[in-house]
**Q** 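The structure follows.
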Number of protein chains: 2
Amino acid sequence: MITVQVPEVVVLRLPLYVRALTQLADDGIEVVSSQQLGRRLQMTPAQIRKDLSYFGRFGKQGRGYKVEFLMRELGQILGLDRRWNTCLVGVGRLGRAIINYPGFAPEGFNILAALDSDLTQINTPVGDHLIVQPMGNLGAEIRRHEIVIAIVAVPAAQTQTVIDELVKSDIKGILNYAPVAPQVPMNVVLRNIDPVLSLQSMTYYLRDMLEGES
Amino acid sequence: MITVQVPEVVVLRLPLYVRALTQLADDGIEVVSSQQLGRRLQMTPAQIRKDLSYFGRFGKQGRGYKVEFLMRELGQILGLDRRWNTCLVGVGRLGRAIINYPGFAPEGFNILAALDSDLTQINTPVGDHLIVQPMGNLGAEIRRHEIVIAIVAVPAAQTQTVIDELVKSDIKGILNYAPVAPQVPMNVVLRNIDPVLSLQSMTYYLRDMLEGES
DNA sequence: TAATGTGAAAACCTTCACAGCT
DNA sequence: AGCTGTGAAGGTTTTCACATTA
């Protein structure tokens, strides 16, 4: 199999497959066809098979895919078979909600440090085992804990500055919660979480739906 | 101009344009070219022009686009020139962070009701002017406040049930924060906010970057 | 001159359809 | 018999390149 550059959309769908497979495994299902998986995920069986084919041949013709096996293979491809050390920058209301969100750790994303520029926050506890550090400690903390990913929850106005500092400290991935589109060098992976943007594109479709209302 | 069905990707980008234009307007800039806008948003000028051309002819050849004008036009196309009444379902830690997030109201998304199924939460205050309602009040609250969009922040296991109730109560749009892919009828617009999914696709690229590490 | 708006070309992504394997 | 893996077809999105206009 000649390895073609994997389309980004395909990579974005892999975690969905892993999640569905995890559920199937929890339900004790051992084998699944692209058809069944497609029904569950609302996608065509062909797309699932094509997506998987970018990475290898995981199925058995006439049978389908072994759930556990495929789950593990995809997990490995995505790098979910290891822990990812992360830090949180910004411990305001949003940052605190993030650190208390119980969904990260079980998936291997461990928040090992929390930082903030607000001096009144420094040395206060946050989450159930962290102490807020001053921003000056950023580089040191990243090196000390071998942190690869930063979760950024600072005000929009400070976001680019914080991200520049993270990049200087050699961070590899950034999950940004501020409603801005920060600039990062090509070798840093950036993802934005922006509920307002989601709502603002949603309303385009709602507008038509509500046409003729009072 | 024959109106072609607007690609969804284009609709997803419009809010980005509106946001960039708002910033430009705040900076006192009156005219912008697709080139300048493209530099700011990291996209090609051609894409911006093509996107805009789905909706009309907003620019002046040789000059560019009038910032205020384009901003208003796009705002109108997206339905951002009105208020959108929303409710929050689920007032746990995440729900509380959402209700206190100061980014929704200024963009016209007003949370007018908060509901939860946890009986110990009912009638307690949340945010700075809401009282938690029991789920039984859902339909009544939606009608009373003319709520169009629901923000759902309940545990994964309850999400589909809650969303089914919302659909029955004739909700038009749903912003879901649970790490599941709920089913909704075609006439309901669903958006998911899922930071773990973002991280899990990010790691695909980080894995390669870190190859050869200890 | 400078930048838009847009057909046409190129690139990209999804779906089809079927050979081939179990 | 049933389902995968995959070239090829079909569809969609992006980019090109230039006629047009202020």
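Letters A, B, ... mirror the listed sequences (proteins, then strands); counts begin at 1.
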**Q** Taking the side chain as every heavy atom from C-beta outward, state whether A/Y204 and B/P15 have any pair of such atoms under 4.5 Å apart.
**A** no

**Q** How many whole angstroms separate atom OH of A/Y65 from atom C1' of D/dG2?
**A** 13 Å

**Q** What integer distance in Å separates B/R63:CZ from C/dA3:C1'?
**A** 10 Å

**Q** Is the closest basic N to carboxylate O distance between B/E141 and B/R144 below 4.0 Å?
**A** yes

**Q** Answer yes or no: does atom CD of A/E30 have more than 12 heavy-atom neighbours from other residues, nucleotides or ligands under 6.0 Å?
**A** no

**Q** CZ of A/F58 versus P of D/dG5: gap in Å, rounded?
**A** 8 Å

**Q** Which stems does DNA chain C form, counting runs of 3 or more consecutive Watson-Crick or G-U wobble pairs with both distances under 3.5 Å?
**A** C:1-22 with D:1-22

**Q** May I have all residue pairs that pass side chain to side chain donor-acceptor pair (under 3.5 Å) and include part of residues 14-23 of chain B, sequence neighbours excluded?
**A**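 For residues 14-23 of chain B, and leaving out neighbouring residues, the side chain to side chain donor-acceptor pair (under 3.5 Å) pairs sorted by first residue read A/D194-B/R19, B/Y17-B/D51, B/Q23-B/R40.
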
**Q** Roughly how many Å is it from CG in A/L70 to P in D/dC3, rounded to a whole number?
**A**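 Answer to the nearest Å: 16 Å.
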
**Q** Calculate the interatomic distance between A/Q35 atom CD and C/dA17 atom P; express it in whole Å.
**A**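 Result: 15 Å.
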
**Q** Ignoring hydrogens and angles, does a donor from either the side chain of A/Q61 or the base of C/dT22 sit under 3.5 Å from an acceptor on the other?
**A** no

**Q** Atom CD1 of A/I48 to atom C1' of D/dT6: distance rounded to whole Å?
**A** 16 Å

**Q** So B/N110 and B/N85, side-chain hydrogen bond (donor to acceptor under 3.5 Å, both in side chains) or not? Walk me through it.
**A** CA-CA 5 Å; B/N110 291 107; B/N85 297 340; over 6 Å; no

**Q** Check the pair B/L37, B/L24 against side-chain contact (heavy atoms from CB on, under 4.5 Å), reporting the backbone distance first and the verdict last.
**A** CA-CA 9 Å; B/L37 207 47; B/L24 289 168; 3.9 Å; yes

**Q** Across nucleotides 9-18 of chain D, 5' to 3', mark each nucleotide with B, S or - according to how protein heavy atoms within less than 4.0 Å reach it.
**A** ----SSBBB-

**Q** C/dT14 C1' sits how many Å from A/L41 CG, rounded?
**A** 16 Å

**Q** Using OP1 and OP2 only, check whether a side-chain N or O of B/S34 sits under 4.0 Å from C/dT4.
**A**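 So the side chain of B/S34 is within the cut-off, an N or O lying under 4.0 Å from OP1 or OP2 of C/dT4.
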
**Q** Starting at OG of A/S201, measure out to CG of B/L16 and round the result to the nearest 0.5 Å.
**A**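 With rounding to 0.5 Å, OG (A/S201) is 10.0 Å from CG (B/L16).
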
**Q** Rounded off to whole Å, could you give me the NZ-to-C1' distance for the A/K60 and C/dC21 pair?
**A** 11 Å

**Q** Quick check on B/R13: does its CZ atom have over 12 non-hydrogen neighbours (other residues, nucleotides or ligands) under 6.0 Å away?
**A**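 Yes, the 6.0 Å shell around CZ holds more than 12 heavy atoms from other groups.
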
**Q** Compare side-chain N and O positions of A/R57 against OP1 and OP2 of D/dT6 and report whether any pair is under 4.0 Å apart.
**A**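 Yes, within the criterion.
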
**Q** How many angstroms lie between atom CD1 of A/I163 and atom CD of A/Q158, to the nearest 0.5 angstrom?
**A** 12.0 Å

